[in-house]
Amino acid sequence: MHETPLLRSALAAALGADPELRVEATSWREASEGDRITRADVCVVDTDTPEPGAPDRHLPLLDLGRRLRAGSTALLVLAATGRPGLVRRATEAGALGYVSKDAEPDRLAKAIRMTAEGHRYVDEALAPDFIGATTIPLTPRELHVLSLIADGCSPAEIADRLHLSRGTVRNYVAAVTRKTGARNRVDAVRVSREAGWI
């Protein structure tokens, strides 16, 4: 699954050249509306493209992981290197395969075959990200507050949405800024996006 039609069709065409693979391309929105993906052996997902406009970019991947496990479909993710937060999200969603977005198509095809057989596949280029995924300094609540900041919410809006006092939200924002080593909340969003935490 990929949200960008051109990239989605290019990836499907590259994989479709393998005579052993039958490929269907779909967007996040199409996948969330039907059960077609739960009938597949493997669902390949780009971790950078959860459904646009989702209030928490983490939730679509978690929801997808639950649906796939219920249908016995393996989840294989494409992840950019240097973004351990994305690896962590994929792990929490139950991914069985992890392939670097810089990998050759034949490596992706190999990973698809392995995960279809129930074997774990981890691209060696992503190994440092697995180590970094265990060291995300922010709590789930801090990540949620930060994702709302990234979506353009003011501290007052965040307080209303999360049923918190404005002082509590200010404390969360201060903690996020300190833990990320950022200069301010806008910089904290930048740092966290680069790391793949939000």
Side-chain angles (χ1 to χ4, degrees), residues 1-5 7-8 26-34 37 43-70 75-95 98 101 126 128-198:
M1 290 189 313
H2 200 291
E3 207 55 38
T4 308
L7 295 177
R8 184 172 64 237
T26 186
S27 68
W28 279 90
R29 185 163 287 114
E30 291 167 338
S32 65
E33 292 171 352
I37 60 165
C43 178
V44 178
V45 178
D46 185 338
T47 55
D48 279 332
T49 60
E51 187 175 343
D56 183 345
R57 290 174 54 91
H58 194 175
L59 291 178
L61 188 58
L62 287 175
D63 290 342
L64 175 66
R66 279 191 286 272
R67 288 178 56 209
L68 294 179
R69 284 191 301 277
L75 175 61
L76 187 150
V77 296
L78 299 175
T81 57
R83 302 191 65 201
L86 297 179
V87 169
R88 182 175 179 163
R89 290 179 189 178
T91 301
E92 291 171 355
Y98 302 81
K101 289 166 77 167
L126 294 172
D129 294 312
F130 274 91
I131 295 168
T134 62
T135 59
I136 294 175
L138 304 178
T139 66
R141 177 62 94 175
E142 289 166 347
L143 285 169
H144 193 187
V145 167
L146 187 60
S147 70
L148 292 173
I149 292 169
D151 287 342
C153 293
S154 70
E157 290 170 325
I158 294 169
D160 289 343
R161 192 177 288 190
L162 300 182
H163 308 291
L164 299 171
S165 73
R166 292 180 184 188
T168 299
V169 171
R170 279 194 302 272
N171 289 341
Y172 278 126
V173 172
V176 164
T177 303
R178 179 178 41 79
K179 288 181 177 182
T180 58
R183 295 182 306 277
N184 52 44
R185 66 183 182 202
V186 173
D187 194 36
V189 168
R190 179 192 60 78
V191 169
S192 299
R193 279 190 171 146
E194 286 175 359
W197 300 337
I198 60 169

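Predicted model, so just to flag it, every value in this text is computed and none were measured.
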To the nearest 0.5 Å, what is the distance between [atom1] ([X]) and [atom2] ([Y])?
X    : Y    : atom1 : atom2 : result
T139 : K179 : OG1   : NZ    : 5.5 Å
R141 : L164 : CZ    : CG    : 5.0 Å
R88  : E92  : CZ    : CD    : 5.5 Å
L86  : D129 : CG    : CG    : 8.5 Å
R67  : L75  : CZ    : CG    : 12.0 Å
T47  : K101 : OG1   : NZ    : 6.0 Å

(message) Testing V176, I158, V173 one by one against L146 for a side-chain contact (heavy atoms from CB on, under 4.5 Å), which residue passes?
(response) V176
(message) Apply side-chain contact (heavy atoms from CB on, under 4.5 Å) to residues V169 and L162 and explain how you reach the verdict.
(response) CA-CA 9 Å; V169 171; L162 300 182; 5.8 Å; no
Minimum heavy-atom distance [X]-[Y], with the two atoms named:
X    : Y    : answer
G152 : E157 : O-OE1, 3.9 Å
A182 : A188 : CB-N, 3.3 Å
P137 : E142 : O-OE1, 4.2 Å

(message) Using only atom types and a distance under 3.5 Å, with no angle test, would you say the side chain of N184 pairs donor to acceptor with the backbone of V186?
(response) yes
(request) Indicate yes or no for a side-chain donor-acceptor contact from T180 to the backbone of T177 under 3.5 Å, with no hydrogens or angles considered. (result) yes
(message) Within the structure provided, determine whether L126 and T81 are in side-chain contact (heavy-atom separation under 4.5 Å).
(response) yes
(request) For the residue pair T91 and Y98, confirm or rule out a side-chain donor-acceptor distance under 3.5 Å. (result) yes
